2 protein chains.
Amino acid sequence: MNSSNTFTPIKLSDLRRSLAFEPGKGLWRSGDAGRAWRVRQGVVRLDSTTSAGHSVFGSLAIAGDIVGCETLLFGAYTFNATALTQCELSPWPEGDAAAASASLLESLAKAQRRAADLVALRGGQAVDRVLGLVRLLADGAGRVVLPARQDIADITDLRFETISRIIKTLERAGVLAAVHIDGVRASRGYAVDLSAMPA
Amino acid sequence: MNSSNTFTPIKLSDLRRSLAFEPGKGLWRSGDAGRAWRVRQGVVRLDSTTSAGHSVFGSLAIAGDIVGCETLLFGAYTFNATALTQCELSPWPEGDAAAASASLLESLAKAQRRAADLVALRGGQAVDRVLGLVRLLADGAGRVVLPARQDIADITDLRFETISRIIKTLERAGVLAAVHIDGVRASRGYAVDLSAMPA
DNA sequence: CGATTCCTTGAGCAACCTCAAAAGCGGTGG
DNA sequence: CCACCGCTTTTGAGGTTGCTCAAGGAATCG
């Protein structure tokens, strides 16, 4: 019910290498058989399937997060996963059993912090939610590739028209600046200057 | 900045037994030294401390969830924890290292599902959010002890006046019924009848 | 370059918020 | 036991933010 899904299953032959995906690409669906991954780059959107059968935003995974670990318990994914930006996944666990166990504890702690971040993106004034997402997704150098308006809307529980208005306002205020490479627009790429944010 | 906090640190001598807490009781604060626990009963509220120094709702832990596992990594808690209802915690991990590792994986999977649940509580129409929380907290027999209005408001990102209006409406519609024991009101206890919910 | 999807912008409206006041509930101490 | 105090909950009236519906423009893909 959300986003475009050019969906093809992950190939068995790829299980040992790192995989790259384009924005909008469906990675897997709830119930599919598969394995666990670590997100190396980009943003993965995880959706729950409602009783009514349509897909609603459930959570986000960004660089460092582990996704699909439930496959180790049930053999199948519980969420639908799609790439929101260009992204890269590598198989998990990556080392031996001991390394996996340490990384599990770390992942659990990280998952709990991530949950709090997500919750924060769905509360308060509309502008602050969008800025929160920008902050979450921006790299250290003040660069960010935003998801599509509709995906931002799903994440923040706002309407895409509202997101559009807010992002335009932030551009006019100098907080966001569309990035161009060789004179051509980098799709949804922005330079971020939070200090330009009016009180 | 939220809720009343009759705060006293957890005693060392209690580390091996299960502990019980009254609603409103502060369990620990971010930065405190302490250990990890499994929630046996009730609802624990976890708050992040903002840069401005005040506490904002971050997430919920209910029966079966593991809280404070980050102490095994950093030696200190990252969230402030308070009991929203009468609740009971027992030390975690409960068995040997092998059992802990299996339970970790399970906990990670559960934490991710819990995150999606929380996210769902902060989107959509006000009534549906409150009903979502009621469903999350109700036991199998259609009984629930709700947190205070202000806490429900913090969880759902609504105002406590709005929560009050919604709960009264649900009572009048027969979805919620205040529970009395020996003719005396069971504090914030309700019987739930979701089938009485109008479309 | 034609079609489809995504984004922008406007006008009016509804859901929820804000501010305010009063009633209920629980403890505490006379 | 009752009067009092603080805190929570209820209820009302009016205001604001973000939603809905609608239309046109920009991007992207074949």
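Here is how names work: the chains are called A, B, and so on, in the same order as the sequence lines, proteins then strands, and each is numbered from 1. Quick caveat: nothing in here was measured; it's all calculated off a predicted structure.
- Each of A:Val130, A:Val192, A:Ile166, A:Leu131 was evaluated against A:Leu176; a single residue qualifies, A:Val192, per the side chain to side chain contact (heavy atoms under 4.5 Å, CB included) test.
- Using a 4.0 Å heavy-atom cutoff across all strands shown, B:Glu161 reaches at least one base atom of the nucleic acid.
- Each end of the helix from C:dC1-D:dG30 to C:dG30-D:dC1 gets its own rotation axis from five pairs of C1' atoms, and the angle between them is 50° to the nearest 10 degrees.
- Residue B:Ser164 has no polar side-chain atom (N or O) positioned under 4.0 Å from OP1 or OP2 of D:dT9.
- One distance of note links CG of B:Leu46 with CG of B:Asn80; it measures 9.0 Å at 0.5 Å rounding.
- Judged by the 6.0 Å and 45° rule, B:Arg185 forms a cation-pi pair with B:Tyr190.
- Here D:dT10 presents its C1' atom at 14 Å from CD1 of B:Ile152, a figure rounded to the nearest Å.
- Protein atom CZ of B:Phe160 is 14 Å distant from nucleotide atom P of C:dA21, rounded to whole Å.
- When each of D:dC19, D:dT10, D:dG18 is scored by its nearest atom to the side-chain atoms of A:Ala126, the top-ranked nucleotide is D:dG18.
- One interatomic measurement links the two molecules: CD of B:Glu171 to C1' of D:dT11, which rounds to 14 Å at whole-angstrom precision.
- Judged by distance alone, with hydrogens and angles left aside, B:Arg185 brings no side-chain donor or acceptor close enough to the base of C:dG26 to form a pair under 3.5 Å.
- A salt bridge links A:Asp47 to A:Arg45: one of the charged nitrogens lies within less than 4.0 Å of a carboxylate oxygen.
- The pair B:Glu106-B:Arg38 does not count as a salt bridge, with every side-chain nitrogen at least 4.0 angstrom from each carboxylate oxygen.
- Rounded to a whole Å, the CG atom of B:Leu170 is 15 Å from the C1' atom of D:dT9.
- We find that CZ of B:Arg159 is positioned 15 Å from P of D:dT9, with the value rounded to whole Å.
- The base of D:dT11 lies outside donor-acceptor range of the side chain of B:Arg149, with no N or O pair under 3.5 Å.
- Between D:dC19 and A:Thr162, a contact under 4.0 Å exists linking OP1 or OP2 to a side-chain N or O.
- Residue contacts shown for A:Leu158 are limited to sugar-phosphate atoms, with no base heavy atom under 4.0 Å away.
- Residue B:Ile167 contributes atom CD1, which lies 18 Å from atom P of C:dG24 at whole-angstrom precision.
- Going from atom CD1 of B:Ile66 over to atom NZ of B:Lys110 covers 7.5 Å, rounded to the nearest 0.5 Å.
- Contact annotation: side chain of A:Gln150 to base of C:dC6, donor-acceptor pair absent below 3.5 Å.
- Spacing between atom CD1 of A:Ile166 and atom P of C:dT8 amounts to 12 Å, rounded to whole angstrom units.
- You'll find a donor-acceptor pair under 3.5 Å spanning the side chain of B:Arg165 and the base of C:dT18, going by distance alone.
- When heavy atoms are screened at a 4.0 angstrom cut-off, A:Arg129 is found touching no nucleic acid atom at all.
- Note on A:Arg114 versus A:Asp65: salt bridge recorded, some NZ/NE/NH1/NH2 to OD/OE distance being below 4.0 Å.
- Rounded to whole angstrom, the span from the CG atom of B:Leu176 across to the C1' atom of D:dT9 amounts to 15 Å.
- The 5' end of DNA chain D is approached more closely, in terms of each residue's nearest nucleotide, by A:Gly124 than by the other of A:Gly124 and A:Arg188.
- Across all strands shown, A:Ser187 has heavy atoms under 4.0 Å from sugar-phosphate atoms exclusively, and none from any base.
- Under 4.0 Å is where a charged nitrogen must lie from a carboxylate oxygen, and between B:Lys25 and B:Glu22 no such pair does.
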